[in-house]
Amino acid sequence: MKVVLPDNSELELPAGASGLDAARAIGPKLAEQAVLVRVDGRVQDLRLPLADGDTIQLLTMRDREDPDALAVLRHSSAHLLAEAVTRLYPDVKLAIGPPIENGFYYDFDFVEPIREEDLDKIQAEVDRELAEGREWTRQEISRDEAREMFADDPYKLELVDTAEGDISLYTQGDFTDLCRGPHLQDSKPIKALKLTGVAGAYWRGDSNNPQLTRIYGTAFYSREDLEAHLEKLELARARDHRRLGPQLDLFHMSEYSPGSALWTAKGMAIYNALEDLRRRENARRGYSEVKTPLMWDVELWKRSGHWEKYGENLFRIEHGESTYGLKPMNCPGHMLLFNTQLRSYRDLPIRYAEAAVLHRDEPTGSLQGLTRARQFSQDDAHVFCTEDQIQQEIDGMFDYVDFLYDAFGVRELAHAELATRPDNKLGTDEQWDHTEGALRRALERIGLRYRVAEGEGAFYGPKIDFFMDDALGRPWQMGTIQLDGQQPERLGCTYMGSDNREHTPYVVHRALFGSLERFIGILLEHYGGDLPFWLAPVQVRVLPVGEAHLEAARDLAGRLGAFRVDIGEPTETIGKRIRAAELDKIPFTVVYGDRESEQSLAVRERGGEQSELSLAELLARLTPLLPSEV
RNA sequence: GCCGGAGUAGCUCAGCUGGUAGAGCACCUGAUUUGUAAUCAGGCGGCCGUCGGUUCGAGUCCGACCUCCGGCUCCA
């Protein structure tokens, strides 16, 4: 048989030859260094047979940054971890141990819980294995044999019973694990393996199942890569908004109100910049700003359907005979507002916007600074429209998203998820084809990366969620656009159609920033605190060289009144105040002393670049950076 | 909510086996009048997360709770 190599040359091999055979046929060095074979783009264990006509690419330990090559290295590393743990804790039950984004984990069911300090012992055992060296062999067995073999391993047994395809085993030393593979030939390519932490994790990700102990680790093809990775993590931590926020005095947290930020004036400058933009654009795009109560009798939540599903997350206030709930969302309020008038089809679409304070009683363990808060505001809106208007409304929202992502320079951070028709859908496939297709086209039009979550839409319509990653690569849901065909009915929203009959309007629910708090958190991390000029809390700082220049500095600050300007009083050396301005991440610093005048200002940009500009030139430089120009 | 880790000055952290709390930065005062990332000297500053227990004595040991961090679950 023949296989095709990356340079398009053909390689003649005996029938049934494996990836490793192919590597041997090319050269002994390659065979020694090979870790994985990619067949027609899919990765495959080196030991598995190739088929005639396959296009193959052999990956070696030199492909140290290739995601697939890293994954196989880490998968094998997970097995080394499992071997070590099994030796140290013979009674442990093994669950699963896959490679993940930046490393790997293995889930164990320990008889005695283990602690972080036990990791050292386990790490030493893994290091010993690496020093000794391990080779992996693969073996395929029948399902029955597997059941017998893992009779004492409840988790493995469950995997055997639910696995698709053949059952395979990988053995290294005296340790054998049920595993689909692929794996390395031997442990030589693992040049760096570090266990990074322990955590609880539910078996099969279900909180009704027992909680297992997950040990995390990471591994690389070189020491330097591990060090680079750890350094990158350290840098990412420095960008964490929970660190930057208090450090830059933008917001603080208090244990007296977990999950709710205390915003400073500087933080509010950012918050208000978002709000100003939101208001301006909403007005421009035909939204009406409304305001509805923060607190509602829980009867409303029962009627809207939220009580049953989200009652747990509702903050409640007892009041006489009634119980009130702090609103976790604006929808029902907007619907009640809609109901205050008889509506005609001629009134539609009606677009209500409100960025009210929302409260959700999130589990303590899930709170995370601004990105997962108990109190936050969404740039929320509900568009009441007829079926015919849905398309244009959704298109308008995508234009809006497009605009926002450019304005904030976060487009490359974002990706979307299109949730499509579920099994229990309402309506015909044709209708779904139509709405899903419209969303898909809209996504492609604005060029956003997206993934399709098949069957995860609500039964009344598909939805789009927008996500962004934080500094540590964790994805957060930001905006959402979803079609709601349920609540308007529950809350009795109607309009008179041209046919002189009552109809229930469609409601398109949307938040584009998502939560303003979360958005600011992501922005801070994205920019590492170096916010664009128009968002910077202090845009210009004037530094008088000495007392003698204070008056002139104040005067200059006044001339720059269109911007957020402050003065660095001459209580310290100029060098120290410049350093402070850098640490405060202020975009422009103007030093003013004997040498300066309106004709010649010493302007320093964040990062250190200096220039000599007249006041007029400086104004000309800064004005285009104002939000009105965004 | 669950598993693991942590909570000491405004911030970053030190405080060994229990003997009564310390540094740097910040802040304040004084001197210096400063030219593009840290001038010098002095001073102020602590319910050692909270509550309870053990002990002659607890920042240190034990328990409960709260909060934060890493995960898991959840996330309208």
Side-chain angles (χ1 to χ4, degrees), chain A residues 100 105 107-108 110 113-119 196-216 233 237 240 242-243 246-247 249 252-259 301 304-306 309-314 327-332 358 360-369 371-374 376 378 380 458 463 465 472 474 476-477 480 482 484 487 509 511 514-515 518 543-550 570-584 589-596 602-611:
Chain A
I100 50 173
Y105 68 77
D107 284 346
F108 302 97
F110 287 96
I114 69 155
R115 329 180 102 244
E116 200 126 293
E117 58 203 42
D118 297 315
L119 273 192
T196 51
V198 292
Y202 300 103
W203 168 239
R204 302 223 141 168
D206 186 337
S207 56
N208 297 314
N209 286 338
Q211 192 166 38
L212 307 172
T213 302
R214 176 169 297 179
I215 299 181
Y216 282 94
L233 269 184
R237 271 190 269 273
D240 192 319
R242 289 167 299 182
R243 187 196 281 227
Q247 197 173 302
D249 194 31
H252 301 269
M253 302 304 264
S254 162
E255 64 182 275
Y256 288 104
S257 187
W301 305 112
S304 69
H306 292 113
K309 265 178 102 175
Y310 309 113
E312 293 275 293
N313 290 355
L314 208 62
K327 69 176 168 187
M329 55 191 30
N330 297 303
C331 338
L358 307 177
R360 299 179 184 178
D361 190 0
E362 304 289 356
T364 47
S366 68
L367 297 178
Q368 282 208 37
T371 38
R372 187 75 182 271
R374 282 190 174 147
F376 58 95
Q378 290 182 319
D380 209 357
K463 67 171 183 173
D465 289 329
L472 289 166
R474 296 175 292 207
W476 293 95
Q477 189 190 324
T480 184
Q482 49 193 99
D484 188 344
Q487 271 192 84
H509 170 111
S515 131
R518 184 176 279 184
L543 298 179
V545 172
E547 286 291 341
H549 314 108
L550 187 51
T571 52
E572 286 292 349
T573 61
I574 191 76
K576 191 156 180 173
R577 283 178 286 146
I578 284 165
R579 178 179 144 83
E582 279 295 338
L583 293 177
D584 287 344
T589 305
V590 180
V591 174
Y592 201 99
D594 287 337
R595 297 179 212 153
E596 279 71 32
V603 178
R604 180 194 162 97
E605 291 187 41
R606 189 167 51 194
E609 198 176 317
Q610 287 173 57
S611 50

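Reminder, nothing fancy here: chain letters follow the sequence lines and each chain counts from 1. Here the structure is a predicted model, which is why all the values come from computation and not from measurement.
- Heavy-atom minimum distance, A:Thr196 versus A:Leu119: C-CD1, 4.4 Å.
- Heavy-atom nearest nucleotides on RNA chain B were determined for A:Leu212 and for A:Val545, and the one closer to the 5' end corresponds to A:Leu212.
- Going from the C1' atom of B:G4 to that of B:U36 covers 47 Å, rounded to whole Å.
- Between B:G10 and B:A6, the two P atoms lie 23 Å apart (nearest whole Å).
- Contacts of A:Trp476 classified as ring pair (Phe, Tyr, Trp, His ring centres under 6.0 Å), with partners at least two apart in sequence or in another chain: none.
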In B/S/- notation, 5' to 3', how is nucleotides 64-72 of chain B contacted by protein heavy atoms closer than 4.0 Å?
---SSSBBB
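- For the ring pair (Phe, Tyr, Trp, His ring centres under 6.0 Å) test, no residue two or more places apart in sequence or in another chain qualifies with A:Phe376.
- Taking atom C1' in both B:G59 and B:G18, one finds a spacing of 10 Å when rounded to whole Å.
- When rounded to the nearest whole Å, the span between CG of A:Leu583 and P of B:A37 equals 12 Å.
- Partners of A:His509 according to the ring pair (Phe, Tyr, Trp, His ring centres under 6.0 Å) rule, which considers only residues two or more places apart in sequence or in another chain, are A:His382.
- Comparing atom distances between the A:Arg518 side chain and each of B:A76, B:C75, B:G5 picks out B:C75 as nearest.
- For the P atoms, the distance linking B:G7 with B:G15 amounts to 11 Å, nearest Å.
- For the OP1/OP2 pair of B:A37 and a distance below 4.0 Å, the side-chain nitrogens and oxygens of A:Arg577 include no atom meeting the criterion.
- With the nearest nucleotide of RNA chain B identified for both A:Glu117 and A:Gln482, A:Glu117 has the one nearer the 5' end.
- Note: NE2 (A:His549) to C1' (B:U33) measures 9 Å, nearest angstrom.
- In this view, A:Asp249 and A:His252 satisfy the side chain to side chain donor-acceptor pair (under 3.5 Å) rule, not counting sequence neighbours.
- The residue A:Asp206 sits apart from the nucleic acid: no heavy atom pair falls under 4.0 Å.
- Under the rule for a side chain to side chain contact (heavy atoms under 4.5 Å, CB included), the partners of A:Met253 that lie at least two apart in sequence or sit in another chain are A:Phe251, A:Ala261.
- The residues A:Arg604 and A:Glu609 are annotated as not salt-bridged, no charged nitrogen and carboxylate oxygen being separated by less than 4.0 angstrom.
- At a threshold of 4.0 angstrom between heavy atoms, the contacts of A:Ala602 include nucleobase atoms, whether or not backbone atoms are also involved.
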For nucleotides 42-45 of chain B, give me every protein contact, N/O to N/O, under 3.5 Å, one pair per line with atom names.
none

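- Among residues two or more places apart in sequence or in another chain, the ring pair (Phe, Tyr, Trp, His ring centres under 6.0 Å) test is passed with A:Phe108 by A:Tyr106, A:Phe110.
- Separating the P atom of B:G24 from that of B:U39 is a span of 16 Å, rounded to the nearest Å.
- For A:Gln477, the side chain to side chain donor-acceptor pair (under 3.5 Å) partners at least two apart in sequence or on another chain are A:Asp465.
- Residues forming a salt bridge (charged side-chain N to carboxylate O under 4.0 Å, His left out) with A:Glu116 (at least two apart in sequence, or on another chain): none.
- Comparing the C1' positions of B:G46 and B:G63 gives a spacing of 25 Å, expressed to the nearest Å.
- Taking the P atom of each, B:C25 and B:A21 are spaced 23 Å apart, rounded to whole Å.
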Quick test: give all pairs of protein nitrogen or oxygen and nucleotides 26-28 of chain B nitrogen or oxygen below 3.5 Å, distance rounded to 0.1 Å.
unit_1: B:A26; atom_1: OP1; unit_2: A:Lys576; atom_2: NZ; d: 3.0

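- How far NZ of A:Lys327 is from CG of A:Leu358: 6.5 Å, rounded to the nearest 0.5 Å.
- OP1 or OP2 of B:U73 has not a single side-chain nitrogen or oxygen of A:Arg204 nearer than 4.0 Å.
- In the set B:G35, B:U73, B:A37, the nucleotide with an atom closest to the side chain of A:Arg604 is B:A37.
- Between B:U12 and B:A26, the two P atoms lie 15 Å apart (nearest whole Å).
- Stem analysis of RNA chain B (at least three stacked-register Watson-Crick or G-U pairs, each with both distances under 3.5 Å) gives B:1-7 with B:66-72, B:10-13 with B:22-25, B:27-31 with B:39-43, B:49-53 with B:61-65.
- Salt-bridge formation is not detected for the pair A:Asp206/A:Arg204: no Lys NZ or Arg NE/NH1/NH2 atom is positioned less than 4.0 Å from an Asp or Glu carboxylate oxygen.
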